[in-house]
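Shown below is the structure under consideration.
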Amino acid sequence: MKRGKKTEDAAADEENDTGSASAKKTKKAKEPEAPILYEDPPDKMTCKDGREANMKITSWNVDGLRAWVKKNGLDWVREESPDVLCLQETKCAEKSLPAAITSMPEYPYKYWASSDEKEGYSGVAMLCKTEPIKVTYGIGKEEHDKEGRVITAEFPTFYLVTTYVPNSGRGLVRLDYRKTWDVDFRAYLSELDIQKPLVLCGDLNVAHQEIDLKNPKGNKKNAGFTSDEREGFTQLLESGFTDSFRELYPEQTNAYTFWTYMMNSRSKNVGWRLDYFVLSSSLLPGLCDCKIRNKALGSDHCPISLHIAV
């Protein structure tokens, strides 16, 4: 393939050859186009109805909690200083948690969920500065809950749900399971929403629209961008929920939260927006801002933060 490509390129050069050595040199020296990056704008701290944000929630898929701690992820957390920190893909049983995070005095209320069957798989966490009224784990269905994917905290005026949604996998080997999850999880959220409005955050493992990933055409049959997964997210939104980032920035391109480690994807900003804050529609008047902190390193995902008046 490479040799053939070189041959094609050489033929093209010959067709365009003006006979000038300097022209050839100029062509060889041409640099690739700079990637189009997303610049997180200044934080908006006031919502549409004039209230000031009184809560900041941060969500981050850390792709392995122990490795992330070693990469100084907690230094960034202390600088960001959210009221609640939600983590996904911790890949760590509670007995194996690093002391650097279990002993954090900034977050005296810490909650962990991990896979019952596989060490180093899935897992979510929630760290709070103030104590929730109640905390529950899972969605009440054993086939989902054994993988440690959901923590729900009840606060005075809303629920906060953090989740790591199942990946459909290479070759879409878990797509059927993912479709079942989407139905069951949507039912769980809708039941909560009847009692109190909710904030859902986490790695939802779907890029909802073509604007939400760099290469939509080439990924229509890949996990995270199949029509089934996208339709599942559409149905969630139609159940009375809103993608907060798109509510605020409907036309924003090149805003991603995940980049594969391969092929220098992050430096080229060839990414996907897989991490979300989804809000009950009744919370929208208090929505101030949804941030993509794409300069924070330590994982193949970057953190996102929500400013909200509740």
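Just so you know, these numbers use all the heavy atoms, side chains as well, and skip hydrogens, waters and symmetry mates. Just so it is clear, the structure is predicted and the values come from calculations on it, not from any experiment.
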Which pairs would a plain distance check flag for residues 122-134, meaning a side-chain donor or acceptor within less than 3.5 Å of a matching protein atom at least two apart in sequence or in another chain?
unit_1	atom_1	unit_2	atom_2	d
S122	OG	E147	O	2.9
K129	NZ	S81	OG	2.7

Is it the case that the side chain of K221 and the backbone of G171 share a donor-acceptor pair, with hydrogens and angles ignored and the cut-off at 3.5 Å? no

Does the pair R149/D203 count as a salt bridge with the N-to-O cut at 4.0 Å? no

Is there any salt bridge (Lys or Arg N to Asp or Glu O under 4.0 Å) pair reaching into residues 52-62, and which pairs are they, with sequence neighbours excluded?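 Non-adjacent pairs meeting salt bridge (Lys or Arg N to Asp or Glu O under 4.0 Å): K56-E80.
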
Gap between atom SG of C92 and atom CG of L97 - 0.5 Å precision: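 Output value for this atom pair is 4.5 Å.
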
Donor-acceptor pair, side chain of N294 and main chain of E39, under 3.5 angstrom: no

For this output row, return yes or no: ring centroids of W76 and W60 closer than 6.0 angstrom.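 Yes, the ring of W76 comes within the 6.0 Å limit of the ring of W60, centre to centre.
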
So CZ of F185 and CD1 of I139: to nearest 0.5 Å the spacing works out to 7.0 Å

Is the NZ or CZ atom of R266 positioned over Y261's six-membered ring, under 6.0 angstrom from the centre and within 45° of the axis?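 The answer is no; the distance or angle limit is not met.
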
Ionic contact status for R178 with D182, cut-off 4.0 Å: yes

Over 60° means perpendicular and under 30° means parallel, so classify the ring planes of F245 and Y249, tilted if in between.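 Because their plane-to-plane angle lies in the 30° to 60° range, the rings of Y249 and F245 count as tilted.
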
So, for H301 and Y256, is the gap between ring centers shorter than 6.0 Å? no

Are the side chain of K91 and the backbone N or O of R66 linked by a donor-acceptor pair below 3.5 Å?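 Checked: no pair found.
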
Rounded distance (nearest 0.5 Å) linking atom OG of S244 with atom OH of Y276: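 S244 OG to Y276 OH: 10.5 Å, rounded to 0.5 Å.
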
